[in-house]
Amino acid sequence: MFRNFMRGRYGIDQLTIALLVMVLIVNIGMLFLADSILLRIMMILLLVICYMRVFSKNIFRRSQENARFLRCYDLWKERISLKRRRLREHQTYRFFRCPACGQKLRVPRRKGKITITCAKCGHRFDGKT
């Protein structure tokens with residue numbers, strides 16, 4: 001019976017799961033912080049959006065929304081990964097930015113004053129490692 005009801009409807013995707021995680025975070029926040037009417041309204045609004053997405057028959061639009069969310073999420077995840085990698089490599093490498101094109105360059109530390117050549121544009125500049 002439920003399977004027949006869900007036929008032709010969108011269902012659960014990554015955006016819906018992310019919204020449900022936000023509902024959980026808001027709910028936990030209400031336990032530790034003062035029980036605010038604003039937090040309650042936000043939680044109810046997020047739940048309504050989740051139900052609207054799950055039971056929607058406009059599959060094309062929901063999949064477009066999910067694709068936009070995944071693009072943003074992948075960008076965010078990539079930036080976090082880059083920051084983590086930079087923190088790990090901070091002791092062994094020094095990072096410079098090319099003055100001509102803005103490309104980020106990685107140079108080994110403890111080499112003294114060296115001439116750095118940008119791999120992208122070929123510009124040469126001096127830097128102290």
Side-chain angles (χ1 to χ4, degrees):
M1 185 164 140
F2 184 70
R3 186 174 286 171
N4 287 336
F5 174 73
M6 287 302 290
R7 190 167 291 145
R9 299 188 190 271
Y10 187 64
I12 296 177
D13 61 0
Q14 292 87 354
L15 177 56
T16 305
I17 292 171
L19 290 171
L20 287 173
V21 167
M22 287 175 60
V23 167
L24 182 67
I25 290 170
V26 169
N27 201 4
I28 291 172
M30 284 184 357
L31 289 174
F32 292 110
L33 301 172
D35 191 13
S36 168
I37 189 73
L38 185 65
L39 287 176
R40 235 177 242 265
I41 291 172
M42 189 169 120
M43 187 176 71
I44 291 170
L45 183 66
L46 287 172
L47 280 172
V48 166
I49 292 171
C50 285
Y51 282 120
M52 188 258 332
R53 288 185 52 76
V54 169
F55 297 125
S56 174
K57 288 189 174 185
N58 192 347
I59 295 173
F60 180 72
R61 183 139 183 206
R62 300 294 88 81
S63 62
Q64 282 183 327
E65 292 168 354
N66 189 51
R68 279 195 308 265
F69 167 73
L70 288 177
R71 279 193 302 270
C72 292
Y73 178 74
D74 287 342
L75 277 174
W76 179 76
K77 199 167 101 174
E78 186 178 318
R79 285 181 182 170
I80 296 293
S81 173
L82 181 65
K83 296 285 184 191
R84 289 178 63 199
R85 192 180 87 212
R86 278 232 175 132
L87 280 174
R88 280 193 309 254
E89 295 177 346
H90 184 69
Q91 290 183 350
T92 54
Y93 294 100
R94 175 101 191 261
F95 295 92
F96 292 95
R97 188 175 290 274
C98 176
C101 67
Q103 176 72 29
K104 295 176 187 173
L105 304 168
R106 186 178 74 165
V107 179
R109 282 191 178 271
R110 297 175 193 85
K111 298 291 181 186
K113 189 171 182 174
I114 60 172
T115 301
I116 303 165
T117 304
C118 177
K120 185 176 180 184
C121 68
H123 181 74
R124 306 182 106 194
F125 60 97
D126 293 332
K128 185 178 179 185
T129 63

Could you go through residues 121-129 and list every donor-acceptor pair under 3.5 Å that involves a side-chain atom there, pairing it with any protein atom two or more places apart or in another chain?
unit_1: Arg124; atom_1: NE; unit_2: Thr117; atom_2: OG1; d: 3.1
unit_1: Asp126; atom_1: OD1; unit_2: Thr115; atom_2: OG1; d: 3.0
unit_1: Thr129; atom_1: OG1; unit_2: Lys111; atom_2: N; d: 2.9
unit_1: Thr129; atom_1: OG1; unit_2: Gly112; atom_2: N; d: 3.2
unit_1: Thr129; atom_1: OG1; unit_2: Gly112; atom_2: O; d: 3.1

If you look only at distance, which donor and acceptor atoms sit under 3.5 Å apart when one is on a side chain in residues 82-90 and the other is two or more places apart or in another chain?
unit_1: Glu89; atom_1: OE1; unit_2: Arg106; atom_2: NH1; d: 3.3
unit_1: Glu89; atom_1: OE2; unit_2: Arg106; atom_2: NH1; d: 3.0

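Rounding to the nearest 0.5 angstrom, the gap separating the NZ atom in Lys77 from the SG atom in Cys72 is 14.0 Å. Separation of atoms CG (Leu24) and CE (Met43) is listed at 10.0 Å; rounding is to 0.5 Å. A distance of 8.0 Å separates CD of Gln91 from CZ of Arg110, quoted to the nearest 0.5 Å. In this structure, CZ in Arg53 is found 10.5 Å from CG in Asn58, a value given to the nearest 0.5 Å. Going from atom CE of Met22 over to atom CG of Leu46 covers 5.0 Å, rounded to the nearest 0.5 Å.
Around atom CD1 of Ile12, no more than 12 heavy atoms belonging to other residues, nucleotides or ligands sit under 6.0 Å away. Counted within 6.0 Å of OH on Tyr51, heavy atoms from surrounding residues, nucleotides or ligands total 12 or fewer; the atom is thus considered open.
Between Asp13 and Thr16, the side chains place a donor N or O and an acceptor N or O closer than 3.5 Å (distance only, hydrogens not considered).
Hydrophobic clustering keeps Ile17 apart from Tyr73 (ILVMFWY residues linked when any side-chain heavy atoms are closer than 4.5 Å, directly or through intermediates). Under the 4.5 Å side-chain heavy-atom criterion for Ile, Leu, Val, Met, Phe, Trp and Tyr, Leu20 and Tyr10 are members of distinct hydrophobic clusters. Both Leu19 and Trp76 belong to a single network of hydrophobic side chains, linked directly or stepwise wherever heavy atoms of I, L, V, M, F, W or Y lie under 4.5 Å apart. Phe69 and Ile80 fall within the same hydrophobic cluster, defined by Ile, Leu, Val, Met, Phe, Trp and Tyr side-chain heavy atoms under 4.5 Å apart, directly or through other members. Hydrophobic clustering (side-chain heavy atoms under 4.5 Å, transitive across Ile, Leu, Val, Met, Phe, Trp, Tyr) groups Leu47 together with Val26.
No side-chain donor-acceptor contact under 3.5 Å links Arg97 to the backbone of Gln103.
Taking all atoms of both residues into account, the shortest heavy-atom contact from Met30 to Arg40 is SD-N, 3.8 Å.
Looking only at side-chain heavy atoms (C-beta outward), Arg71 and Asp74 stay at 4.5 Å or farther from each other. Looking only at side-chain heavy atoms (C-beta outward), Lys120 and Lys104 stay at 4.5 Å or farther from each other. Using a 4.5 Å cut-off on side-chain heavy atoms (C-beta onward), Asn66 and Gln14 make contact.
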